[in-house]
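The structure displayed is predicted, hence computed values, not measured ones. Start at 1 with the first residue, then count along the sequence. These numbers come from the heavy atoms of this one structure, side chains and all, not from hydrogens, waters or symmetry mates.
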Amino acid sequence: MAESLDINIDRQIAAVLVVGFHHAFGPIVEFCIPPLPCQKITQQQTLEKLELPEEWSFLPFLALPDGAHQKDEDFAYFHLPPVSSWSVATETTLFGISCNRQIASKDLIVKTPDITRSIVQKAVVVLARQPIFGPLRQKLAVITAAWFNQRDFTKLDILHVT
């Protein structure tokens, strides 16, 4: 989300996540910026299964709902309770919007070992401090499409909030 349309919107963004569909686990959170409270911080950011605070155990299912594979692009809206162990989310409810898409794995330039199915489903999620879904939806759609168009999910720079 490097190109800001409105600096006030960017100040409202608490976190950006990626939720992917894993062949063995179902929907999982694979990436979060800033790092989740239980996440080990490493130099190289990769997509991997991240541990969630207990209060947010249902987040992957909200962001990448059942039946998401039936549309080329879809959005989900939800809210999450505060998480006392994470400074980003201690004080108030966070408002989530996700944009999910899919791509044929044969169309990917870089295929990581976790890609075992013919279709890859992922959702880019924005957690905001206010319910600003309208302004976020358009920006999120553009960023998600651009990330998928790279055909390389290891390139995560486009998802970083400035």
Could you walk me through whether H23 and T116 pass side chain to side chain donor-acceptor pair (under 3.5 Å), step by step? CA-CA 7 Å; H23 66 278; T116 60; 3.2 Å; yes

Report the residue from V120, T112, V110 that forms a side-chain contact (heavy atoms from CB on, under 4.5 Å) with F153.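 Of the listed residues V120, T112, V110, the side-chain contact (heavy atoms from CB on, under 4.5 Å) partner of F153 is V120.
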
Stepwise, does the side chain to side chain contact (heavy atoms under 4.5 Å, CB included) test hold for I13 with L136? CA-CA 9 Å; I13 295 173; L136 283 176; 4.1 Å; yes

Considering all heavy atoms, the nearest [X]-[Y] contact:
X: P34; Y: A14; result: CD-O, 3.3 Å
X: S98; Y: L140; result: C-CD2, 3.9 Å
X: A63; Y: A76; result: O-CB, 4.5 Å
X: F61; Y: P27; result: CE2-CD, 3.6 Å
X: I158; Y: A146; result: CD1-CB, 3.4 Å

Given the rule in the side chain to side chain contact (heavy atoms under 4.5 Å, CB included) test, do I119 and R117 qualify, once you have shown the distances and angles that lead to the verdict? CA-CA 5 Å; I119 299 290; R117 293 182 169 211; 5.7 Å; no

Just to verify, what does F95 make a ring pair (Phe, Tyr, Trp, His ring centres under 6.0 Å) with, not counting sequence neighbours?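 Not a single residue meets the ring pair (Phe, Tyr, Trp, His ring centres under 6.0 Å) criterion with F95.
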
Going by ring pair (Phe, Tyr, Trp, His ring centres under 6.0 Å), name the residues that satisfy it together with F133, two or more places apart in sequence or in a different chain.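 By the ring pair (Phe, Tyr, Trp, His ring centres under 6.0 Å) rule, F133 matches Y77.
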
Given side chain to side chain contact (heavy atoms under 4.5 Å, CB included), test R129 with L94 step by step and report yes or no. CA-CA 5 Å; R129 294 180 178 89; L94 290 180; 4.2 Å; yes

Just by distance, do the side chain of W147 and the backbone of K155 share a donor-acceptor pair under 3.5 Å?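 Flag set: sc W147 to bb K155 pair under 3.5 Å.
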
Just to verify, what does V142 make a side chain to side chain contact (heavy atoms under 4.5 Å, CB included) with, not counting sequence neighbours?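 So V142 forms no side chain to side chain contact (heavy atoms under 4.5 Å, CB included) with any residue.
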
Does L80 have any side chain to side chain contact (heavy atoms under 4.5 Å, CB included) partners at least two apart in sequence or in another chain, and if so, which?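 If we apply the side chain to side chain contact (heavy atoms under 4.5 Å, CB included) test to L80, skipping adjacent residues, the hits are W56, F58, L59, L62, F78, L127.
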
Any salt bridge (charged side-chain N to carboxylate O under 4.0 Å, His left out) involving residues 118-128? Give me the pairs, sequence neighbours left out, ordered by first then second residue.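 Passing the test, one end in residues 118-128: E30-K122.
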
What pairs of residues pass the salt bridge (charged side-chain N to carboxylate O under 4.0 Å, His left out) test when at least one of them lies in residues 96-110, not counting sequence neighbours?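 Listed by first then second residue: E73-R101.
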
Full working for side chain to side chain contact (heavy atoms under 4.5 Å, CB included) between I97 and V125: CA-CA 6 Å; I97 179 173; V125 180; over 6 Å; no

Nearest-0.5 Å distance, CD of residue Q121 to CD of residue Q102: 5.5 Å

